[in-house]
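Report on one structure; see the data block that follows.
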Amino acid sequence: TWIAPDADAGRVTFYAASCTIDDNSFETGDHVQLSQVSAVFADVDCNAIEEVIAKCKQGRFKVIGKVKSSLPEGTRVTLSLDNTDFQRITVDRRGKGKYAWRNASQGGHLVCLAECADYCGETVCFP
């Protein structure tokens, strides 16, 4: 039995592994499956989000994600880069927050607010 964390725990990842075996004493035909799923636990008023912006500093492959909102100062939110790299940020007194991912790959990137999945920004990094 799993008990959920406090409301502002941030990102929680569940990991699972299973084995499929054919019980013939040989290694062939046996398989291991691995999976994971993440969830964000936070109490964020999505109606207070104005926009999420993504920009790439060209030539340096640095993606900057920004949140503009009317959230109160000190609110913790989570930005994700391409739905894989999750970073907790704190909203300032103007309702803004940002994070910079360095060494991003060339090409398109999506920055989303994990607590409010409808709020994302897109950018493309060129050499």
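- Summarising the geometry, atom NE2 belonging to H109 is positioned 6.0 Å from atom CG belonging to L81; distances are rounded to the nearest 0.5 Å.
- No path of Ile, Leu, Val, Met, Phe, Trp and Tyr side chains, each step under 4.5 Å between heavy atoms, connects V111 with I53, placing them in separate hydrophobic clusters.
- The shortest non-hydrogen separation linking T90 to R76 is OG1-NH1, 2.9 Å.
- The distance from the CD atom of E115 to the CG atom of D45 is 12.0 Å, given to the nearest 0.5 Å.
- A distance of 11.5 Å separates NZ in K66 from CD1 in I89, rounded to the nearest 0.5 Å.
- Closest approach of V63 and A104 over heavy atoms only: CG2-CB, 3.6 Å.
- Here L34 sits in one hydrophobic cluster together with V32; the rule is ILVMFWY side chains under 4.5 Å apart, joined directly or through other members.
- Side-chain contact between S69 and V91 is present, with heavy atoms from C-beta onward closer than 4.5 Å.
- Using a 4.5 Å cut-off on side-chain heavy atoms (C-beta onward), L79 and W101 make contact.
- Between the OG atom of S80 and the CD atom of Q87 there is a distance of 10.0 Å, given to the nearest 0.5 Å.
- The backbone N or O of D22 sits less than 3.5 Å from a side-chain atom of D30, completing a donor-acceptor pair.
- Within the structure, the disulfide (SG to SG under 2.5 Å) test picks out no pair touching residues 61-107 (sequence neighbours left out).
- Y119 OH to I49 CD1: the interatomic distance, rounded to the nearest 0.5 Å, is 7.0 Å.
- Among residue pairs with one or both ends in residues 92-101, those qualifying as salt bridge (Lys or Arg N to Asp or Glu O under 4.0 Å) are D92-R94; sequence neighbours excluded.
- Shown here for A48 and L71, the closest heavy-atom pair between the two residues is CB-CD2, 3.6 Å.
- Counting only N and O atoms by type, the side chains of S70 and E50 include no donor and acceptor under 3.5 Å apart.
- Between the CG atom of L110 and the CD atom of E122 there is a distance of 5.5 Å, given to the nearest 0.5 Å.
- Looking at heavy atoms from C-beta onward, N83 lies out of side-chain contact with C112 at the 4.5 angstrom threshold.
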